[in-house]
Structures are given as structure tokens and as C-alpha cells.
Amino acid sequence: MDGNGRWATAHGYSRSAGHEAGLRAARNIVEAAVREGVGTLTLYAFSSDNWKRPGAEVTALMRLFRRALLGEAKRCLDNGVRLTILGRRDRLPSSLRHTVEQVEALTASGANMHLRVAVDYSARDAVLRAASALRGDSVSREAFGELVARVDNDRLPARDVDLVVRTGGEQRLSDFLLWECAYAELKFVSKMWPDFTADDLAEALADFRGRNRRFGLAPEQVAS
Ligand code: FPP
């Protein structure tokens, strides 16, 4: 969800107003993703490196997350969306942690789509913590993937990412789901996140459906 700050600056608003606009875009995209039949949607809301932002912005974001979770829980329930948080929880304000637990419990039966909001998330930290849990044992890719998911309280069995859409014109992964993105298709969009619409999501999905995914095989092997 990149570009909230630049969108705000371009419109003469505060960065907080940009994040509010980002929340409105997120609401639209979640509903559009359900309609499109997306199985799991992960929104990258706050990376572990985002703690380094100015304290006032971090505090405002933590408040926004709590308000958003409280405000969206009923909508998720109505849309059959299971909402969970991906990332470390021990550094979140306790009020937010409590809200996360409430919303996760309330929406646990949602079967139409799994919405993961990544907060205090770092893929490299997740891989490191999973590797430490191994204590020198060697395991399969699948088993390691389960460990990576488990350290962030994610659902099991773990799944690879099919498509990453990054808004805001940047073309990098920024520590997002590095293990799970081994064969992800990447789509970079110049629009700022608050301007990203259901039509943009549909276009990204159409583009994804047209990709030729080979997973290391030769083209003729894929064709057969
Ligand atoms: C990146 O834009 C966006 C964020 C750091 C926060 C995004 C959070 C929300 C939209 C709230 C969503 C909440 C829920 C619960 C779904 P940026 O600030 O890095 O923008 P910039 O690159 O233009 O500075």
C-alpha cells in the first residue's frame, strides 16, 4: 500500500490524511478482491523498519490500525472475510494487540477470503527466527515454510504467494514475504495507493492470468 504520504503531499494534505485515504482504498480493494475470487489477500501496512519513522507518525498509524480493525470487523464478517495479522505482536501497543485478538476471533469462520494485514512484519526476521528454531536440523522446503509461517502466527499449511502488486512506482520487495515469493509474479503500478481502484485490481489479475509461470521447467514441459 505504497504512496499514501506522496499522495497526501501532492494534494496538500497531512501524511495522516494520506493514511486515512489509504484505509478507504484498502476497504474498496478488500471487497473487490472477494468479488474477484481471491483466496488470500495480504496488505503490507507496517514493516518492522517502519518503527524508525517519526514517533508521531508511528503513533498515528497504530491508532489508525486499531480504529480500522474495530471499524472493519463487522464488514469482514458480512463479507465472509477472515482477518488475521501477520507479523510480530509483542511490540504492538497492548490495546492494539487486544483488538487484533478480538477481531481474529470474531472473523475466524470467514470462508470467502483470508485477509492478512502485515503489521510489524519483516520477512528476513521471520526467516531468521524460523532458522533459529531448526537448531541445526535440516528440513524440507515445505517444513521450513511451515516454520516461517508459524513464527508469525500465520495459518497452516503455508502457501506461496502468486502475485505481488506494489503501488507508488517503487520496484522492490522491501522485506515482504521473501520466502513465500520465490515464484511470485510481480506487478508494479505507478499509481499511489489511495488512487488504486477495483478496476486496477481487475487489470492486475488479468495480467497475472496471462503470465506464463514455469517454476523452473522448460516451456515445452509446461505446455505438456
Ligand atoms: C505506505 O505509504 C503505507 C503505510 C506505511 C501505512 C498503510 C496503512 C493503511 C492504509 C491503513 C490500513 C489499515 C488496515 C487495518 C487495513 P507511505 O507512507 O510509505 O507513502 P510514501 O511512500 O508516499 O511516503
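Heavy-atom basis, side chains included; hydrogens, waters and symmetry copies ignored. In each ligand, atom 1 is the first atom listed, and ligand 1 is the first ligand listed.
Atom CZ of R159 is surrounded by 12 or fewer heavy atoms from other residues, nucleotides or ligands within 6.0 Å. Sparse packing is recorded around CZ of R63, with 12 or fewer heavy atoms of other residues, nucleotides or ligands lying under 6.0 Å away.
Interface of G22 with ligand 1, defined as ligand atoms under 4.0 Å from a residue heavy atom, comprises 10 (C). With ligand atoms numbered from 1 in the order given, ligand 1 contributes 15 (C) to contacts under 4.0 Å with heavy atoms of A68.
The main-chain N or O of T167 is never found under 3.5 Å from a side-chain atom of W193 such that the two would form a donor-acceptor pair. Listed for the E57 side chain is no donor-acceptor partner under 3.5 Å among the backbone atoms of P54. Judged purely by atom type and a 3.5 angstrom limit, D154 has no side-chain atom pairing as donor or acceptor with the backbone of L86.
Both L205 and V30 belong to a single network of hydrophobic side chains, linked directly or stepwise wherever heavy atoms of I, L, V, M, F, W or Y lie under 4.5 Å apart.
Geometrically, ligand 1 and W7 share no nitrogen or oxygen pair separated by less than 3.5 Å. Between N50 and ligand 1, not a single N/O pair is under 3.5 Å apart. Between G5 and ligand 1, at least one pair of N/O atoms sits closer than 3.5 Å.
By the 4.0 Å N-to-carboxylate-O rule, E101 lies too far from R89 to be salt-bridged with it.
Looking only at protein heavy atoms, the nearest one to atom 7 (C) of ligand 1 is N4 ND2, 3.5 Å. Among protein heavy atoms, the minimum distance from atom 6 (C) of ligand 1 is reached at A45 O, 3.2 Å.
Heavy-atom separations between R15 and ligand 1 include at least one value shorter than 4.0 Å.
When the heavy-atom distances from atom 17 (P) of ligand 1 to R53, M192, R6, M1 are ranked, the shortest goes to R53.
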